[in-house]
Amino acid sequence: MADNDTITKIEGVVEDVLFCNKENGYIVLDLNTGESYVTVVGELGNIEAGEELSVGGRYVNHPKFGVQFRADYCERKLPATSAAILKYLSSGVIKGIGPTTAKRIVEAFGDESLNVIESTPERLADIKGLSRSKAEEIAHDFKRITGIRTLMIFLGSYGIQPSIAVAAWKRWGQFATEVIKANPYTLCESGIELDFDTAETMAGKMGIPKDSESRIRAGITYILAKNTLNGHTCLPYKRLSETAQLLLDVDRELLDKVIDDEISEGNLCEYYKEEKSRRRYIFLDNYYRAESYIASRLALMKGFFLDNQNDYSKLIDIEEKAKTIVYAQKQRGAIDRALSTGFLILTGGPGTGKTTTLKAIISLFEQRGLSVMICAPTGRAAKRISDLTGYPAKTIHRLLEVTYDSTGQLKFKHCETNTVSCDVMIIDEMSMVDTLLFEALLRAIKLSCRLIMVGDSDQLPSVGAGNILKDMIESGRLSYVRLTEIFRQAQQSCIVTNAHKIVSGEEPDLSRKDSDFFFMQRLNSEDAAATVAELVAERLPDAYGFSPIDDIQVLCPSRKGLLGSVELNKLLQERLNPSKKDLSETKGLIFTYRENDKVMQIKNNYDVVWKKGGENGTGIFNGDIGTIVAVKRRDNSIIIDFEGRVAGYTFDMLDQVELAYAVTVHKSQGSEFNAVILPLLGGFDKLYYRNLLYTAVTRAKKMLIIVGSKSIVMRMVENNRRTNRYTCLREMLEDEIPL
């Protein structure tokens, strides 16, 4: 049987479950059709041996495992015969029933065993080893299982995946089906996150009218949530209203009423900028809470650490002698301000001495007996600042320690009631820190904890929503020092000098052939792609000894096009890690993944378990780079080594990783690479702007090579368009902290 598009229906009894991911419902099982055994795969939910299934889908040829049945949907029946019931109960599906108890129940009640468990569980107490209370526990667990099954069948009839059913059951339990029938748009809520279009289709089939307020509420929430993915913590009321009218096609007055009602009920929040113009901004409640908390907390900290007017110049002099260094005037000012106010935003471009200044601040705080902790948004950024300063550093997520509440919602272990134990908190790569993460970090430190934030304000803003560093600086209310002097050693690097030229709007020097900054003109995309591949696979390794995997990184403005990260990854994989008979691989939606491939995590996953030596932990985060060390087709899993943290992924989790021979500039934030290759050619006008070029250039430690068009480089330098993000933090800070 070959792959085909013909929908086929088969029925049978589940003989064995080979694999099951309970989080998203992906399962591999053997189905006994009465004539043969068929391997069935798909997102069908938590199925147990002994169940009767009717599945619809198609036969496919798996490269290694042969013919399988890929199921798109299934109808489930509880086992009806004594033999099937015994297999079902013996599987351990119901708490409190093992093989021995299962046998006793079936011997006592035969084909009626499941009916007895559901309807008259007190009869179970007649069986040896089962008390009345134990019988009630068994009945309760059985109803839970059948409830989830009923919910999956209900949602499956609308083409909704079992993973949504599992999330809905966690939220509403036995009332889930009733809640969804009353308002299917509740499935779009945070933590379940069904896409709005699917909810629309479901609601339409259920006869919910277009002017239903539940539909309008869901549409407004969907627009605001979608825009957080573009970096906005809020939207101007006018823009939200216009977008909602286009999406929902409803009357403006009704739309305004629903928005006002949602604000009154606390589901949405509003904020007015500029009292005279009364510009109104609408937030999801969690983003409003985050920005308002950040503003009020920073105001409290500013008041807590009033400048004590002490003269720290003598201490700085002593530090200079001890470290045989002479600090520039602005560096001395930053050190003094950190000590005197306990709060500092320190920024500056490459080569301006941020790290040297930070090391002095840490040293002087420690000499005063204060404990210091350093954190950064990503693992690579934490490792980098640790290597530079000689002090240990953690990612913010690891520092806060991820856990879950009783409803399964993610939270951090460290918060207002369980603060982190330190006197000074230092945050590096502050430009990458988004609004919700910064709120969580502030909640986790004591009010008396000093806060030093280090970053480069000319880099791209965070991947997550918000523009924290820019808003704090532009408010003019917080202690801030920008280092501008390039030190002599850094002046010898064209990467450093050209980075400063770019950020100042000057043309970088592209003519040098004897430096660490090279330009290779290619005016044809195919030629440019071939040059990039040749540089990565041959020229740089041969000439400089750079490892194509560990040292060289291709950065792209976009994912799209021949010079985008997707196509370049395919090209580079073919050069660096081509398909071989003895090399195990598996196909994902976009890429084929092989052993030895370089990959990047593209979304936060707080549940992935990893091991590092004798240490165990959880969580792999957006931007983490690793190498596939094994592809286990029999187990439908891959093993990835994220710089020492070894984690297992099932095949259905492959949408969380991408090949990383080439990545976008945005994804490279917080990282440095020995050699960076930057292709600049093609029609990406919206991405050709100054601080994207600057961010890319400053990712390179030892070598930068631009491949493409000189005119595009110049266009990017001239285009000082900043990424426009709707936030209100700056104005909230101005409200909280008077001049």
Side-chain angles (χ1 to χ4, degrees), residues 1-81 83-84 87-88 91 93 149 152-153 156-157 159-163 165 570 573 578-595 597 628 630-639 648-657:
M1 284 174 283
D3 293 13
N4 63 81
D5 293 326
T6 304
I7 298 294
T8 305
K9 189 174 182 179
I10 60 174
E11 297 181 349
V13 177
V14 178
E15 186 69 23
D16 193 15
V17 176
L18 307 175
F19 171 81
C20 181
N21 184 321
K22 294 185 179 181
E23 288 298 315
N24 58 25
Y26 182 82
I27 196 166
V28 180
L29 58 86
D30 281 339
L31 190 71
N32 183 352
T33 66
E35 299 176 354
S36 63
Y37 288 90
V38 178
T39 300
V40 177
V41 300
E43 292 183 336
L44 307 179
N46 187 21
I47 295 171
E48 301 295 339
E51 288 192 56
E52 295 182 24
L53 296 185
S54 174
V55 292
R58 57 187 61 80
Y59 286 98
V60 298
N61 269 326
H62 192 285
K64 185 172 182 180
F65 299 117
V67 176
Q68 295 181 333
F69 189 85
R70 172 72 197 186
D72 297 322
Y73 68 89
C74 79
E75 297 173 6
R76 305 167 67 174
K77 299 177 183 177
L78 288 173
T81 66
K87 181 182 283 290
Y88 176 71
S91 70
V93 61
R149 179 185 292 107
M152 285 181 174
I153 293 171
S157 67
I160 296 173
Q161 295 176 338
S163 56
K570 293 176 181 178
Q573 183 191 46
S579 180
K580 298 176 184 176
K581 284 186 177 180
D582 60 345
L583 198 63
S584 188
E585 65 178 44
T586 186
K587 287 187 177 181
L589 188 62
I590 299 174
F591 300 113
T592 296
Y593 298 93
R594 301 183 184 120
E595 291 177 1
D597 270 334
I628 297 177
V631 177
K632 299 182 176 182
R633 301 185 65 90
R634 186 172 296 277
D635 298 332
N636 288 294
S637 68
I638 62 174
I639 307 299
Y649 283 61
T650 56
F651 283 176
D652 56 292
M653 294 166 64
L654 286 174
D655 62 343
Q656 298 181 24
V657 296

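Model, not experiment: these values are computed from the prediction.
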Report the distance from atom [atom1] of [X] to atom [atom2] of [Y], rounding to the nearest 0.5 Å.
| X | Y | atom1 | atom2 | value |
| --- | --- | --- | --- | --- |
| I628 | I639 | CD1 | CD1 | 10.5 Å |
| Y593 | T586 | OH | OG1 | 9.5 Å |
| F69 | T8 | CZ | OG1 | 5.5 Å |
| T39 | D30 | OG1 | CG | 4.5 Å |
| E52 | L31 | CD | CG | 10.0 Å |
| Y59 | Q68 | OH | CD | 12.0 Å |

Checklist entry - Taking E595 for the side chain and D582 for the main chain, is one N or O donor matched with an acceptor at less than 3.5 Å? => result no
Any heavy-atom pair between the side chains of [Y] and [X] that's under 4.5 Å?
| X | Y | result |
| --- | --- | --- |
| D16 | L29 | no |
| V17 | I27 | yes |
| L53 | V14 | yes |
| K9 | S54 | yes |

Next on the checklist: Give me the atom names and distance for the closest heavy-atom approach of F651 to K632.
Outcome noted: CZ-O, 3.9 Å
Item to check | Heavy-atom pair of closest approach, residues L583 and R594 | outcome: CD2-CD, 4.0 Å
